[in-house]
Protein chains: 2
Amino acid sequence: MTTTRQPGLVSVARHAGVSVGTVSNTINRPHLVAAETKARVRASIAALGYVPNRAAAALRRGSNPIIGLVIPDVMNAFYAAIVDAVVEAADRHRYAVSLCVSHDDPDRERRHFELLAEQRAAGALVVPVDADRSRLAQLRAFGTRLVLVDRRAEEAEGCSVAVDDVLGGYLAVSHLLQGQGNGVTIVNGHPAIPQCHDRREGARDALVEAGRNPDSLIEFVVATMNFAAGVEVARRIVAQDAPRRIFCINDQLALGVIEGLTAQGLRVPEDASVIGYGDLGLGASSRLSTVGQPKHEMGDEAVRKLLDELMDGESHVHTATVFPPHLIVRGTSSHAHDLTVA
Amino acid sequence: MTTTRQPGLVSVARHAGVSVGTVSNTINRPHLVAAETKARVRASIAALGYVPNRAAAALRRGSNPIIGLVIPDVMNAFYAAIVDAVVEAADRHRYAVSLCVSHDDPDRERRHFELLAEQRAAGALVVPVDADRSRLAQLRAFGTRLVLVDRRAEEAEGCSVAVDDVLGGYLAVSHLLQGQGNGVTIVNGHPAIPQCHDRREGARDALVEAGRNPDSLIEFVVATMNFAAGVEVARRIVAQDAPRRIFCINDQLALGVIEGLTAQGLRVPEDASVIGYGDLGLGASSRLSTVGQPKHEMGDEAVRKLLDELMDGESHVHTATVFPPHLIVRGTSSHAHDLTVA
DNA sequence: TTGTAGGCGTTATCAG
DNA sequence: CTGATAACGCCTACAA
């Protein structure tokens, strides 16, 4: 009943015949310790099974090696890829990742921010729930460094990483314009959503570049951007005889549109061209052309920026990185043919 | 230069004209504090913008309200669903979730376990990388409560949640047997993988129940269980004239097999029946029948078990919950037809 | 019902 | 290069 669990610095110091300061130093600033002493201390650490207590360190230092990560949805392959990259990068630097899924709920976001503040987390990567930056400012004021993900930040307030959706829309429609047909249809989400807005802008740019009137773009707006909505929109496209070169704001929608078109007796790609956006795995098993996004790079760069701010302190300058998406053309392979599912 | 950042219990106490003990109590054991005092303290907390310091609390208590979560892959929809459930449940109880993606790498797993130990995390939910339980035992010995996910644990060592893969295989093949044809083919991963082994067992059970010889099950084993492998296996199935009632160990494989079959001029479901496993989103946009798993429930239950162990302490008894999967039959809808992708 | 005080394990400062 | 020591902020007996 006398043996004390979880030996601390003192036990190690005693065991190695040195002071606690020296033990702490061999762990955190090894260059300050003589080789021989270091070896002895390390032996003791191993012998006692000593595990440093981060809570104590955090208390003392006032900051905790934790990176908060707030995303709207883990089931979404786009964010999942970012999570993957972030977790990996954090692991490399021995930071913990505290995950929050906001589900677009400001209260959840706020709650996680509070949690991070209580933990004195060093920093956080966040995909903000809405345009209201007050919650972010609050957390930042508390000392937590923030990097915005998938959003552009005012350079004054912090770093950010995002993807160029205007360029993405441009790439998609430019590709459609290379095929035959006249006019272009866009199946979009609500334009209040930045991504939807920007991709449409890019689509218009492509039309302009091709010498067309950007207002000739025929737009169908869906409430929910999923497969079922795509099927439904396909009906309206045919009914209204809208252009058969169709840019869908995401891959699920695109797959739905193709399904709906096919259900009405049209052949794709013979009678209609469809391009999606996102390349989120659904397309891997299909021949759907789409626009890919450097998801892993985004997550990676976000961590890099955060750590730079954490390390460099004063000399750090905020930057807003915008990654270019890229066109992924599929369906031109030699064995292109229908994909039939039972 | 005199104002001190981040007020502590003392500042609040001073501001409210009470002692630190009372402030602590109004936060952690409100029932011990008079209503009026409580109100005053709360007002001061709000006024000063006080945010409790979890590091200090953890140091004092010896344990941190953090749940470690170790999964093999976040991009995998199965695990992503579990993450979603866990994060949500943890949030409800104001626990932080420290995420690790092991990528089947024991070193990564070990590193995360170390991290959790250093954080004095209250508990962890883990999908173990391999069958070696020594790393788990080590973390457990350190005081971190563990719940195994997607694996069955010896009831002596801890709780676990899993899904009944034998039943899943049984359901899938029973369904296939209802269709026309003779014999059944299984497209499987390596049988050393527990899921693959169990699902095959279930498949055999179904055959036995139908009065067939379980050894009549024709098995194709693929190294990587993805779309491309499915396409390739379809070739071999046709070449060897294997049974056209095909149970694929996951949906991607199933989609690939259908693709490969179609490429060889066969029609699905007319000439072949294919069923997948997992229901991981790919199927939502298809008419592929599959076996669904209660992913969210698993994550939820895992947290419940962990918290029970954390709260109840001594009176807690370890349990191994095995969830039943369920058959999802698709493709019988009125507008069943081909899905063509450009 | 409220106040007091000791100590949790580290880090960092300052002498030696 | 090493040792001693004072915080860091909170929890919890225990005392009043």
Side-chain angles (χ1 to χ4, degrees), chain A residues 4-42 44-45 48-66 94 117-122 142-143, chain B residues 4-42 44-45 48-66 94 114-115 117-122 142-143:
Chain A
T4 156
R5 292 194 147 282
Q6 302 195 354
L9 243 25
V10 283
S11 321
V12 177
R14 202 159 30 222
H15 186 277
V18 298
S19 76
V20 291
T22 301
V23 178
S24 178
N25 280 338
T26 90
I27 293 173
N28 300 307
R29 310 142 99 183
H31 56 282
L32 294 184
V33 183
E36 196 212 355
T37 318
K38 226 168 1 190
R40 198 146 34 93
V41 171
R42 290 199 171 125
S44 298
I45 286 176
L48 297 179
Y50 165 73
V51 177
N53 186 329
R54 283 194 182 217
L59 173 58
R60 182 58 234 249
R61 285 210 248 251
S63 150
N64 219 341
I66 292 179
R94 304 197 56 86
E118 291 181 10
Q119 297 192 107
R120 305 299 192 262
F142 197 78
Chain B
T4 153
R5 291 196 149 279
Q6 303 198 353
L9 243 26
V10 283
S11 322
V12 177
R14 204 160 27 222
H15 184 277
V18 299
S19 75
V20 291
T22 301
V23 178
S24 177
N25 280 337
T26 90
I27 293 173
N28 301 307
R29 313 142 103 184
H31 54 283
L32 294 184
V33 182
E36 197 212 356
T37 318
K38 227 168 1 191
R40 198 147 33 93
V41 171
R42 290 200 173 125
S44 298
I45 286 177
L48 298 179
Y50 167 73
V51 177
N53 185 328
R54 282 193 183 220
L59 173 58
R60 181 58 233 253
R61 286 210 246 251
S63 152
N64 219 341
I66 292 178
R94 305 199 55 87
E114 264 168 28
L115 185 68
E118 292 181 9
Q119 298 193 107
R120 303 301 190 263
F142 198 77

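Chain naming here is simple, since letters A, B, ... match the order of the sequence lines and numbering starts at 1 in each.
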Please list, chain by chain and in numerical order, all residues satisfying side chain to side chain contact (heavy atoms under 4.5 Å, CB included) with [X], sequence neighbours excluded.
X: Thr37(A); answer: Val18(A), Thr22(A), Val33(A), Ala34(A), Arg40(A), Val41(A)
X: Ala56(B); answer: Leu59(A), Asn53(B)
X: Arg94(A); answer: Arg54(A), Arg111(B), Glu114(B), Glu118(B)
X: Arg60(A); answer: none

request  = Compute the bend angle of the helix from dT1(C)-dA16(D) to dG16(C)-dC1(D) from the end axes (five pairs per end), rounded to 10°.
outcome  =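 Rounded value for the end-axis angle: 30°.
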remark   = Of dT2(D), dG3(C), dT13(C), the nucleotide closest to the side chain of Thr22(B) is dG3(C)
ask   = So, is Ser19(B) near the phosphate of dT4(C), with a side-chain N or O under 4.0 Å from OP1 or OP2?
value =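 Indeed not, no polar side-chain atom of Ser19(B) lies that close.
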inquiry  = Does a side-chain N or O of Thr37(A) approach OP1 or OP2 of dT2(D) to a distance below 4.0 Å, or not?
reply    =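 Answer yes for this pair, as a side-chain N or O of Thr37(A) is under 4.0 Å from OP1 or OP2.
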Pairs under 3.5 angstrom, nitrogen or oxygen only, protein versus nucleotides 5-7 of chain D, please.
residue	atom	partner	partner atom	Å
dA7(D)	N3	Arg60(A)	NH1	3.4

key: Residue met sooner reading DNA chain C from 5', once Arg40(B) and Ile27(A) are mapped to nucleotides   = Arg40(B)
key: side chain to side chain donor-acceptor pair (under 3.5 Å) against Ser44(A), all qualifying residues, sequence neighbours excluded   = His15(A)
note = With sequence neighbours left out, the residues meeting side chain to side chain donor-acceptor pair (under 3.5 Å) with Arg120(A) are Gln6(B)
request  = Could you tell me whether Val33(B) contacts a base, only the sugar-phosphate backbone, or nothing, with contacts defined as non-hydrogen atoms closer than 4.0 Å?
outcome  =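 Sugar-phosphate, no base atom in range.
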